[in-house]
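As structure tokens, the structure follows; a few thoughts come after it.
These numbers were taken from a predicted model, which means no experiment stands behind them.
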Amino acid sequence: MATIEDFLKLDIRVGIITHAEEFPEARKPAYKLTIDFGSEIGLKRSSAQITKHYKLSSLIGNKVLAVVNFPPRQIGPFISEVLTLGVPDKDGHIILIQPENEEAIVGGKLS
């Protein structure tokens, strides 16, 4: 069973998507995202399997939540530096977890 100490080890931050592109080399349909986490963390890249619910053009400017303190992960020819968080719909397609209020600050830590 996880403890609160385990949870507190995760660094989950608000970021804003600044760039999104196709990721044709991925085994499952995915996009490559560039996410800005503010001056403390900066720009990080992430692979996200969100193609069913999101068009590339609609992603720029969206705020998302991501784990920023996992080690980078090689996904095909791409290195994913953060884990962008999402939940499945009834068919298993990923829906991004996004702050409900636009006032959520970029770089803000989940607490």
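- In this structure, His53 NE2 and Asp89 CG are separated by 3.5 Å, a value rounded to the nearest 0.5 Å.
- Taking the six-membered ring for Trp and the full ring otherwise, the centers of Phe23 and Phe78 sit less than 6.0 Å from each other.
- Residues Phe37 and Lys44 have side chains in contact (heavy-atom distance under 4.5 Å, counting atoms from C-beta outward).
- Tracing side-chain contacts under 4.5 Å through hydrophobic residues (I, L, V, M, F, W, Y), one reaches Ile95 starting from Val82; they form part of the same cluster.
- Interatomic distance, Ile4 CD1 to Lys9 NZ, rounded to the nearest 0.5 Å: 12.0 Å.
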Legend entry - Criterion side chain to side chain contact (heavy atoms under 4.5 Å, CB included) on Lys63 and Glu102, from CA distance to verdict: CA-CA 8 Å; Lys63 290 181 180 174; Glu102 277 300 310; 4.3 Å; yes
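- Ser46 and Thr84 form a side-chain donor-acceptor contact under 3.5 Å, judged by distance and modelled atom types alone.
- Distance alone, capped at 3.5 Å, is enough to place a donor-acceptor pair between the Asn101 side chain and the Glu103 backbone.
- Here the CD1 atom belonging to Ile16 is positioned 12.5 Å from the CG atom belonging to Leu33, to the nearest 0.5 angstrom.
- Once rounded to the nearest 0.5 Å, the distance linking CG of Leu8 with CD1 of Ile12 reads 10.0 Å.
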Inset, instruction - Tell me, with the steps shown, if Glu81 and Arg73 meet salt bridge (charged side-chain N to carboxylate O under 4.0 Å, His left out). - result: CA-CA 6 Å; Glu81 300 172 294; Arg73 184 171 176 197; over 6 Å; no
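- Taking both residues in full, the closest heavy atoms of Gly92 and Pro88 are given as CA-CB, 4.0 Å, listed atom of the first, atom of the second, then distance.
- Environment of CD in Glu100: sparse, with no more than 12 heavy atoms of neighbouring residues, nucleotides or ligands closer than 6.0 Å.
- Here the closest heavy-atom approach between residue Gln98 and residue Tyr54 is recorded as OE1-OH, 4.3 Å.
- No side-chain heavy atom of Ile35 sits less than 4.5 Å from a side-chain heavy atom of Leu43.
- When all heavy atoms are compared, the tightest approach of Thr51 to Pro29 is OG1-CB, 3.3 Å.
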Inset, instruction - Carefully, step by step, assess Phe70 and Asp11 under the rule side chain to side chain contact (heavy atoms under 4.5 Å, CB included). - result: CA-CA 9 Å; Phe70 283 157; Asp11 190 357; over 6 Å; no
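- Here the side chains of Arg13 and Glu40 are in contact, with some heavy-atom distance below 4.5 Å.
- Side chains of Val87 and Ile97 form a contact here, defined as non-hydrogen atoms less than 4.5 Å apart.
- Using a 4.5 Å heavy-atom cutoff, the side chains of Ile79 and Arg45 are not in contact.
- Atom NZ in Lys32 sits 10.5 Å away from atom CD1 in Ile75 (nearest 0.5 Å).
- One distance of note links OG1 of Thr18 with CG of Leu59; it measures 11.0 Å at 0.5 Å rounding.
- In the displayed structure, Lys52 atom NZ is contacted under 6.0 Å by at most 12 heavy atoms of other residues, nucleotides or ligands.
- Among Ile94, Leu65, Leu96, Leu110, the single residue meeting the side chain to side chain contact (heavy atoms under 4.5 Å, CB included) criterion with Leu85 is Leu65.
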